[in-house]
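Single-structure report; data block below.
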Amino acid sequence: MAGLAASFGSGAMTNSLVDLEGSDTIFIIGSNTATSHPLVATRILRARENGAKILVADPRKNQIADLSHLYVRHRPGTDVALLNGMMKVILDERLEDTDFIKKKTEAYDAFKNLIEKVDLDAVSKICGVSVEDIKTLALTYAREGSSAIVYCMGITQHTNGVSNVKSLANLAMLTGNLGKPGTGVNPLRGQNNVQGACDMGSLPDVYTGYQSVTLGAANKKFADAWGVPELPTKVGLTIPELMSGIEKDEVKALWVMGENPVVSDPDANHVIKALEKIDLLIVQDIFLSATAKLADVVLPGVSFAEKDGTFVNTERRVMRVRKAIEPVGESHQDWKIIQDISNLFGYQMNYDSPEAIFKEIAELTPSYAGITYERLEGQGIQWPCPSLAHPGTPILHTDGNFARGKGMFHAIDYKPPAEVIDEEYPFWMTTGRVYAHYHTGTMTRRSKSLNFEVSQGFIEINPADAKTFDVKDGHRIKINSRRGEIETRVKITKRVEKGVVFMPFHFEEMNVNKLTNPAYDPIAKIPELKVCAVKLEKV
Amino acid sequence: MDYKNTLTTCTYCGCGCNFFLESLDGRLTGTIPCKTGPVNEGKLCIKGWNAHEFVQSDERLKKPLLRKDGELVEVSWDEALDFTATRLKEIQKTNGPDAIGFCASAKVTNEENYIMQKFARAGVGTNSVDHCARL
Ligand code: SF4
């Protein structure tokens with residue numbers, strides 16, 4: 001999000017999902033689309049049937065790669081190098097969109113100077129991708145017609161995640177692939193309401209609609225609306241910062257709603273230590289998750305089937321959630337739990353329904369101003385939707401009108417990942433999802449059908465490496481990183497390259513996040529979940 | 001027999017597929033993909049087809065739990081809410097508002113996220129509210 005916001009002034013998917021079907025070229029990087037976003041994959045396959053060229057770059061050969069016209073397997077953490085190499089080819093071949101660059105962007109010269117110095121042979125060595133493949137990627141993406149970029153956590157979950165995203169924005173601007181149907185830079189959100197949580201100001205630096213807490217005007221507007229003399233102007237702490245704050249005795253209480261940081265956070269041992277230490281841990285959830293087990297008080301909320309409200313999908317579409325059944329047991333509506341505690345705490349709230357809350361959101365959020373529950377009947381509405389008469393916005397930045405004025409180029413050099421392999425830890429480990437499960441598995445693993453599909457954790461290793469360690473499918477193997485040790489089952493596959501291993505992160509009892517690295521991106525503060533160095537040992 | 005279909009949005013991934021939750025006498029029995037859903041147009045993935053299954057699992061929390069003598073035990077809502085509000089107030093008074101942090105969620109609704117950050121900012125007085133999307 002931070003990367004796109006810096007380039008375009010807005011941190012959301014620029015185009016719509018249906019729009020992908022009309023693309024001439026789709027470049028998918030760091031997204032296991034078929035697994036994580038199956039119905040986006042459907043659109044991509046339809047585009048393919050319509051004649052689109054599909055390009056895939058990913059350290060692990062995922063299903064969508066099987067259907068691509070060109071698949072490249074770049075080494076984990078070398079995205080910037082690969083993208084810079086592609087842009088070098090585009091400049092060499094004079095395929096840049098000079099008109100778009102001149103009229104609609106800024107800071108191009110510094111960027112161009114950097115790219116001109118890129119050495120393709122060096123890039124090829126860093127990424128492990130042939131110069132020829134880099135050229136084909138670049139020429140296909142930059143050819144006539146519309147090209148869309150699709151990316152996911154494989155791009156953002158790195159210490160250089162923001163640089164990765166800015167590089168993708170550079171690539172789109174360089175070729176004028178923005179603001180038109182079938183183009184754009186399109187992040188696929190991992191969880192169902194990531195976009196909504198961000199839109200609602202569940203971030204330490206902004207209120208709803210990305211209005212900054214440090215801006216006097218926004219600060220005053222919200223203080224007035226919320227009936228308080230003043231609101232804090234200091235940017236708050238992110239989750240990794242809260243965890244270190246607990247260790248330093250500065251943070252004493254944490255309220256966790258619907259999340260399971262013990263399984264989802266990098267360096268789980270560190271998180272467990274922090275949560276055991278904290279004075280007051282409040283967990284609001286529907287199951288007794290690993291995090292809830294450490295709590296001082298557990299407040300049972302309800303699932304999506306028991307509540308009214310709204311979600312926002314990955315293409316900025318606000319959609320209704322509707323209550324189908326009564327709350328299970330004595331669980332309470334989540335909004336009601338917060339309101340009750342707020343009233344007891346001494347700050348009065350008197351909402352009578354989620355719709356009443358939504359009305360207040362629309363009043364205070366310009367990009368939601370025209371949205372009402374009534375208007376959401378049917379297909380939902382894509383923000384920005386500034387007035388009741390406005391139909392919503394399927395494509396952002398049309399005609400090069402960026403939310404920040406002009407699109408901003410960033411000159412970005414390749415930096416190796418925070419942790420690299422060495423003699424002691426000779427394997428690259430990357431993490432991700434499997435198709436039947438979702439995030440930390442608290443919901444999917446309690447679903448009989450889904451658990452039946454894939455019921456145990458595993459590690460994928462290349463046949464050549466399996467031979468070296470003398471292990472077969474199903475054998476147990478020990479995996480060590482600088483932070484911890486776990487044991488799991490071996491699954492031999494060519495999906496991963498020699499020297500690289502992959503583990504899904506849905507399985508609490510063999511929690512791969514005990515191994516991952518909490519070093520985080522200095523701007524977006526997303527931890528390095530995707531790459532770390534490990535060693536293997538047969539048991 | 002009370003058979004109902006309720007149109008809603010999938011809880012699993014960011015595609016935002018629409019389906020009907022089928023229920024019979026208050027128990028969920030299945031999902032039916034929505035043909036006019038703008039994203040899914042009548043399709044669902046394996047997660048969507050089974051999105052009702054976890055909801056009425058036996059493992060659902062049915063009552064608030066409070067840690068007493070090291071163990072989490074079931075308590076009444078009044079006791080749990082009182083305990084939470086009182087402890088938050090004490091910590092805010094003794095250690096200041098920034099000693100309290102909030103982890104909102106990419107899995108709950110907009111309205112729930114909104115009301116949590118409002119309580120953090122206007123009630124407690126801290127901007128330390130974040131969600132796991134970074135993760
Ligand atoms: S049905 Fe599948 S693709 Fe659609 S939102 Fe749910 S999890 Fe995502």
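Values below: every heavy atom of this structure, side chains too, minus hydrogens, waters and symmetry copies. Quick note on labels: first sequence line is chain A, next is B, and so on, each numbered from 1.
Comparing B:L61, B:L21, B:T6 by how many heavy-atom pairs each has under 4.5 Å with chain A, the most go to B:L61. Contact count against chain A (heavy-atom pairs under 4.5 Å) is highest for B:A85 among B:C17, B:A85, B:P97. Each of B:C103, B:G125, B:G16 has some count of heavy-atom pairs under 4.5 Å with chain A, and the biggest count is that of B:C103. Chain A forms the most heavy-atom pairs under 4.5 Å with one residue out of B:C34, B:P38, B:A80, B:A104, and that residue is B:P38. Per-residue heavy-atom pair counts under 4.5 Å with chain A were compared for B:A120, B:G123, B:A122, and the maximum is reached by B:A122. If you tally non-hydrogen atom pairs under 4.5 Å between each of B:E41, B:K118, B:R67 and chain A, the highest count goes to B:K118.
Under the 4.0 Å criterion applied to side-chain N and carboxylate O atoms, B:E111 and A:K307 are not assigned as salt-bridge partners. A salt bridge links A:E330 to B:K63: at least one charged side-chain nitrogen sits closer than 4.0 Å to a carboxylate oxygen. Note on B:E90 versus A:K252: no salt bridge recorded, every NZ/NE/NH1/NH2 to OD/OE distance being 4.0 Å or above. Looking at A:R320 and A:D308, a side-chain N of the basic residue comes within less than 4.0 Å of a carboxylate O on the acidic one, giving a salt bridge.
A:Q284 contributes no side-chain N or O that, together with a main-chain N or O of A:V256, makes up a donor-acceptor pair within less than 3.5 Å.
Heavy atoms closer than 4.5 Å to chain A are found nowhere in B:V75, neither backbone nor side chain. Using a 4.5 Å cut-off between heavy atoms, B:E22 does not touch chain A at all. No part of B:W49 comes within reach of chain A, as not one of its non-hydrogen atoms sits under 4.5 angstrom from that chain. Of the two parts of B:T126, only the backbone, made up of N, CA, C and O, holds a non-hydrogen atom closer than 4.5 Å to a non-hydrogen atom of chain A. Proximity to chain A is limited to the backbone of B:C10, based on heavy atoms less than 4.5 angstrom apart. Residue contact with chain A, scored on non-hydrogen atoms closer than 4.5 Å, involves the side chain of B:L72 exclusively.
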* Determine, stepwise, if the pair B:K107 / B:T11 fulfils side chain to side chain contact (heavy atoms under 4.5 Å, CB included). => CA-CA 7 Å; B:K107 290 181 215 146; B:T11 187; 5.7 Å; no
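The aromatic ring centres of B:F119 and A:F345 sit less than 6.0 Å apart.
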